[in-house]
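First comes the structure, then the notes that go with it.
FYI, the numbering just counts along the sequence from 1.
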Amino acid sequence: MRLLLVEDDSRQVAALCAVLSRHGFSVTNARSGGAALDALTLKDAGFDLVLLDLGLPDMDGYEVCGEIRKRTNTPIIMVTARRDVRSRIHGLNLGAADYVVKPYDTGELLARIHAVIRRTASEAAVERVKTVLSLGSVIIDLPTRQVSVDNSFIQLTPKEFDLLALLARRPGVVVTREQIMGEVWRTSGEGVGNTLGTHIASLRAKLRMPALIETVRGVGYRVVTPAE
């Protein structure tokens, strides 16, 4: 397993590398946000997980997380001294798979690393099988990012497609506004106005099926399955 450790504290790096190496991980250390992003863009990067400290010398860890999410789906565990609930929520909404507060027990950290890797492998297997989503007359082809209604293709913006795909993967399940903003826009949603509402309205109009996406007031949205 290859792991990218984004940490600039030499003592932390030495301690973690020793533990992780003993448990079969090949560890690459990036001591800044810029170095982490450079490492992830290499053709042979192939990291299975990123351990990301938030207190970096050149960039805020949240910014690094957002940039990583734009480039790769490699799972991220934030490891930080920021223990307040707001920080945890923000990190998870930005796309982190888990959030570990310093000081931590190394046994627990290893358990969380293995849990995230197992979960990611399971989700990847499901995604490989389920590449075309069907909602009645609406067909969503994930690999080609094409959507058709009644066998006619419709043009969606990249964000509209990502939003529709996210909801369609969980038919009948309410997806919160925070989850949507975190997964589609890589933000907690603060300061973006009614961006989500605008995109939902546009989707309903383009699909010509306004009842397909239901608003759950005060919570979020869900796709209403044809059976309903």
Open item on the list: Quick check for you: to the nearest 0.5 Å, what is the distance between I140 atom CD1 and T131 atom OG1?
Closed with: 12.0 Å
Task: Reported OH-to-CG distance for the pair Y221 and L167, which is rounded to 0.5 angstrom - done: 9.5 Å
Pairs of donor and acceptor atoms involving the side chains of residues 15-25, under 3.5 Å and at least two apart or interchain, shall be tabulated with distances.
residue	atom	partner	partner atom	Å
S21	OG	C17	O	2.7
H23	ND1	V19	O	3.0

Task: Heavy atoms from other residues, nucleotides or ligands near CG of N73 exceed 12 (cutoff 6.0 Å) - done: no
- [ ] First locate atom CG of D58, then atom CD of E63, and finally report the distance between them rounded to the nearest 0.5 Å.
- [x] 8.5 Å
TODO: Would you name the heavy atoms of A168 and L135 that are closest together and state the gap between them?
DONE: CB-CD1, 3.7 Å
TODO: Indicate yes or no: at least one non-hydrogen side-chain atom of K159 is less than 4.5 angstrom from one of L163.
DONE: no
- [ ] Can you measure from CG (L164) to CG (L212) and round to the nearest 0.5 angstrom?
- [x] 7.0 Å
Open item on the list: For a quick test of reading the model, state the closest non-hydrogen atom pair linking P75 to V116 and the distance between them.
Closed with: CB-CG1, 3.6 Å
Open item on the list: Checking the side chain of R69 only, and the main-chain atoms of G95 only, is there a donor and an acceptor separated by less than 3.5 Å?
Closed with: yes
Open item on the list: Hydrophobic clustering (ILVMFWY, side-chain heavy atoms < 4.5 Å, transitive) - are M1 and I77 grouped together?
Closed with: yes
Task: Residue pair R177 / L196, side-chain heavy-atom distance below 4.5 Å - done: yes
TODO: Would you sort out whether L166 and D162 count as a side-chain contact (heavy atoms from CB on, under 4.5 Å), showing the intermediate values?
DONE: CA-CA 6 Å; L166 173 62; D162 291 342; over 6 Å; no
Task: Side-chain heavy atoms of R82 within contact of V101, under 4.5 Å - done: no
- [ ] Kindly give the heavy-atom pair with the smallest separation between G172 and R222, and that separation in Å.
- [x] O-NH1, 3.4 Å
Task: Over all atoms of both residues, closest heavy-atom pair of G33 and V64 - done: CA-CG2, 3.7 Å
- [ ] Decide whether a cation-pi geometry holds between R88 and Y99; the criteria are a distance under 6.0 Å from NZ or CZ to the six-membered ring centre and an angle within 45° of the ring axis.
- [x] no
Open item on the list: So if I apply the side-chain contact (heavy atoms from CB on, under 4.5 Å) rule between L4 and each of T28, T74, L52, which one comes out positive?
Closed with: T28
- [ ] Go through the steps for L142 and F161 under the test side-chain contact (heavy atoms from CB on, under 4.5 Å), then give the verdict.
- [x] CA-CA 9 Å; L142 299 177; F161 180 88; 4.2 Å; yes
Task: side-chain contact (heavy atoms from CB on, under 4.5 Å) assessment of D8 paired with D53 - done: CA-CA 8 Å; D8 66 322; D53 181 56; 4.2 Å; yes
Open item on the list: In this structure, would V224 and V174 fall into the same cluster of hydrophobic residues linked by side-chain contacts under 4.5 Å?
Closed with: no
Open item on the list: For a 4.5 angstrom cut-off between non-hydrogen side-chain atoms, does L54 reach D60?
Closed with: no
TODO: Might you point out which heavy atoms bring L5 and V13 nearest each other, and give the distance in Å?
DONE: CD2-CA, 4.1 Å
Open item on the list: Taking the side chain as everything from C-beta on, heavy atoms only, tell me whether M78 gets closer than 4.5 Å to Y62.
Closed with: yes
Task: Closest contact, heavy atoms only, C65 versus I76 - done: SG-CD1, 3.8 Å
Open item on the list: I'd like to know if R208 and D150 make a salt bridge, using a cut-off of under 4.0 Å between side-chain N and carboxylate O.
Closed with: no
- [ ] For residues W185 and I180, determine if any side-chain heavy atom of one lies less than 4.5 Å from a side-chain heavy atom of the other.
- [x] yes
Open item on the list: When you compare the side chain of T120 with that of D48, does any pair of heavy atoms fall below 4.5 Å?
Closed with: no
Open item on the list: Among residues at least two apart in sequence or on other chains, which ones pass side chain to side chain donor-acceptor pair (under 3.5 Å) with N29?
Closed with: R31
TODO: Could you tell me whether the side chains of N151 and S148 share a donor-acceptor contact shorter than 3.5 Å?
DONE: no
- [ ] Give the intermediate values and the outcome of side-chain contact (heavy atoms from CB on, under 4.5 Å) for residues K102 and V79.
- [x] CA-CA 7 Å; K102 298 177 182 178; V79 183; 3.9 Å; yes
Open item on the list: With clusters defined by side-chain heavy atoms of hydrophobic residues (ILVMFWY) lying less than 4.5 Å apart, directly or transitively, does L133 cluster with I154?
Closed with: yes
Task: Carboxylate-amine/guanidinium contact E160 R145, below 4.0 Å - done: no
Open item on the list: Run the side chain to side chain donor-acceptor pair (under 3.5 Å) test against T176 and tell me which residues pass, sequence neighbours left out.
Closed with: Q179
Open item on the list: Distance check, rounded to the nearest 0.5 Å: L37 atom CG versus T72 atom OG1?
Closed with: 11.0 Å
- [ ] Group every Ile, Leu, Val, Met, Phe, Trp and Tyr by side-chain heavy-atom contacts under 4.5 Å, then state whether L51 and L110 land in the same group.
- [x] yes
- [ ] List for me each residue that meets side-chain contact (heavy atoms from CB on, under 4.5 Å) alongside R112, sequence neighbours excluded, and say none if there are none.
- [x] D98, V100, E108
TODO: Could you tell me which residues satisfy side chain to side chain donor-acceptor pair (under 3.5 Å) with D141, sequence neighbours excluded, listed by chain and number?
DONE: T144
- [ ] Please tell me if the side chains of K206 and L203 come closer than 4.5 Å, counting only heavy atoms from C-beta onward.
- [x] no
TODO: Mind checking side chain to side chain donor-acceptor pair (under 3.5 Å) for T215 and listing every partner two or more places apart, or none if nothing turns up?
DONE: R204
Task: Linked, directly or transitively: L3 and I68 (ILVMFWY side chains, under 4.5 Å) - done: no
